[in-house]
Amino acid sequence: MTSFVTPSPLAPGDRVAVIAPSSGGARTAPHVFELGLRRLRERFDLKPVVFPTARQSDEYLASSPRARAADIHAAFREPEIAGVIATIGGRDQLRVLKHLDPELVREHPTRFFGMSDNTNLELYLFTQGVVSYNGAQLMNEL
């Protein structure tokens, strides 16, 4: 990549996608998941949009790398979504990357926030020339 795109900063009132591109955690710790959503709304004045993978079980997510890739695509493609935040890290995101469309993420650069296993997605975005942000996941940072 010879040039990089830095997606626009988040602003109060922006809609942010909440996805589980790695593990989920919402089913095992729903109180933590809901607290993270509340903090997005109350502390950051953002409007969380919970995508399907975010509420799935870890077992479902482990068996469904294509579903996780579909949520990434949908979040990046949606023009009203200003940012994407991962629920939590995990251990198998590498299986998701092969299902991603590099043209789609280049055509629709969106701020992505994650860490741990989500560093794999950040590196993927880097190879496509899209700047992302390490840290601030929903369940263990917010």
Side-chain angles (χ1 to χ4, degrees), residues 1 4-142:
M1 235 352 93
F4 285 87
V5 174
T6 302
S8 300
L10 296 177
D14 277 348
R15 295 166 56 96
V16 293
V18 176
I19 64 173
S22 187
S23 293
R27 290 240 176 125
T28 54
H31 59 292
V32 177
F33 182 79
E34 294 301 326
L35 177 60
L37 294 176
R38 189 169 69 237
R39 286 190 174 154
L40 282 174
R41 288 189 291 272
E42 295 174 2
R43 302 236 181 197
F44 296 98
D45 194 19
L46 297 170
K47 296 177 181 171
V49 178
V50 179
F51 277 61
T53 56
R55 293 193 190 273
Q56 294 295 329
S57 70
D58 287 340
E59 294 78 19
Y60 171 83
L61 293 171
S63 68
S64 306
R66 288 180 195 262
R68 292 184 279 160
D71 264 11
I72 294 167
H73 287 153
F76 272 69
R77 191 175 26 243
E78 176 57 49
E80 293 188 16
I81 296 293
V84 179
I85 186 165
T87 55
I88 200 162
R91 63 180 184 275
D92 75 338
Q93 192 174 75
L94 288 173
R95 297 183 319 117
V96 174
L97 302 182
K98 67 182 178 183
H99 301 291
L100 295 179
D101 179 352
E103 285 185 33
L104 187 143
V105 298
R106 281 194 303 270
E107 289 174 16
H108 305 281
T110 305
R111 283 187 177 243
F112 174 73
F113 300 88
M115 60 185 222
S116 183
D117 194 36
N118 290 298
T119 304
N120 294 299
L121 180 53
E122 292 168 352
L123 291 171
Y124 179 87
L125 293 170
F126 178 84
T127 65
Q128 303 310 313
V130 178
V131 174
S132 64
Y133 300 86
N134 190 268
Q137 295 178 144
L138 185 77
M139 295 184 67
N140 58 337
E141 291 283 317
L142 300 178

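Quick caveat: nothing in here was measured; it's all calculated off a predicted structure.
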Under the side-chain contact (heavy atoms from CB on, under 4.5 Å) rule, collect the residues that match up with [X], sequence neighbours excluded.
{"X": "Pro7", "value": "Pro109, Arg111, Val130, Val131"}
{"X": "Ala82", "value": "Leu10, Asp14"}
{"X": "Asp58", "value": "Ser23, Leu61"}
{"X": "Ser116", "value": "none"}

Quick one: are [X] and [Y] in side-chain contact, heavy atoms under 4.5 Å?
{"X": "Ile85", "Y": "Leu46", "answer": "no"}
{"X": "Leu100", "Y": "Leu97", "answer": "yes"}
{"X": "Ile72", "Y": "Tyr124", "answer": "no"}
{"X": "Phe51", "Y": "Val84", "answer": "no"}

With sequence neighbours left out, which residue pairs that include part of residues 70-87 fulfil the salt bridge (Lys or Arg N to Asp or Glu O under 4.0 Å) condition?
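Passing the test, one end in residues 70-87: Arg15-Glu80.
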Tell me the salt bridge (Lys or Arg N to Asp or Glu O under 4.0 Å) pairs involving residues 122-136, sequence neighbours left out?
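Sorted pair list comes back empty.
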Separation between [atom1] of [X] and [atom2] of [Y], rounded to the nearest 0.5 Å:
{"X": "Asn120", "Y": "Ser22", "atom1": "CG", "atom2": "OG", "value": "8.0 Å"}
{"X": "Asn140", "Y": "Ile88", "atom1": "CG", "atom2": "CD1", "value": "4.5 Å"}
{"X": "Thr127", "Y": "Arg106", "atom1": "OG1", "atom2": "CZ", "value": "8.5 Å"}
{"X": "Leu138", "Y": "Leu35", "atom1": "CG", "atom2": "CG", "value": "8.5 Å"}
{"X": "Gln137", "Y": "Asp117", "atom1": "CD", "atom2": "CG", "value": "9.0 Å"}

Looking at residues at least two apart in the chain, or sitting in another chain, which of them share a salt bridge (Lys or Arg N to Asp or Glu O under 4.0 Å) with Asp92?
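Listed in chain order: Arg68, Arg95.
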Quick check: does any side chain N or O of Gln93 sit under 3.5 Å from a backbone N or O of Leu121, one acting as donor and the other as acceptor?
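Present.
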Applying ring-ring contact (aromatic ring centres under 6.0 Å, His included), which residue pairs with at least one partner in residues 69-123 are found, sequence neighbours left out?
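Found Phe113-Tyr133.
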Going by the rule side chain to side chain donor-acceptor pair (under 3.5 Å), which residues pair with Thr87 if we only count those two or more places apart in sequence or in a different chain?
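Testing Thr87 for side chain to side chain donor-acceptor pair (under 3.5 Å), a comparison that skips the adjacent residues, returns none.
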Residue pairs passing the side-chain hydrogen bond (donor to acceptor under 3.5 Å, both in side chains) test where at least one lies in residues 27-42, sequence neighbours excluded
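Sorted pair list: Glu34-Arg55.
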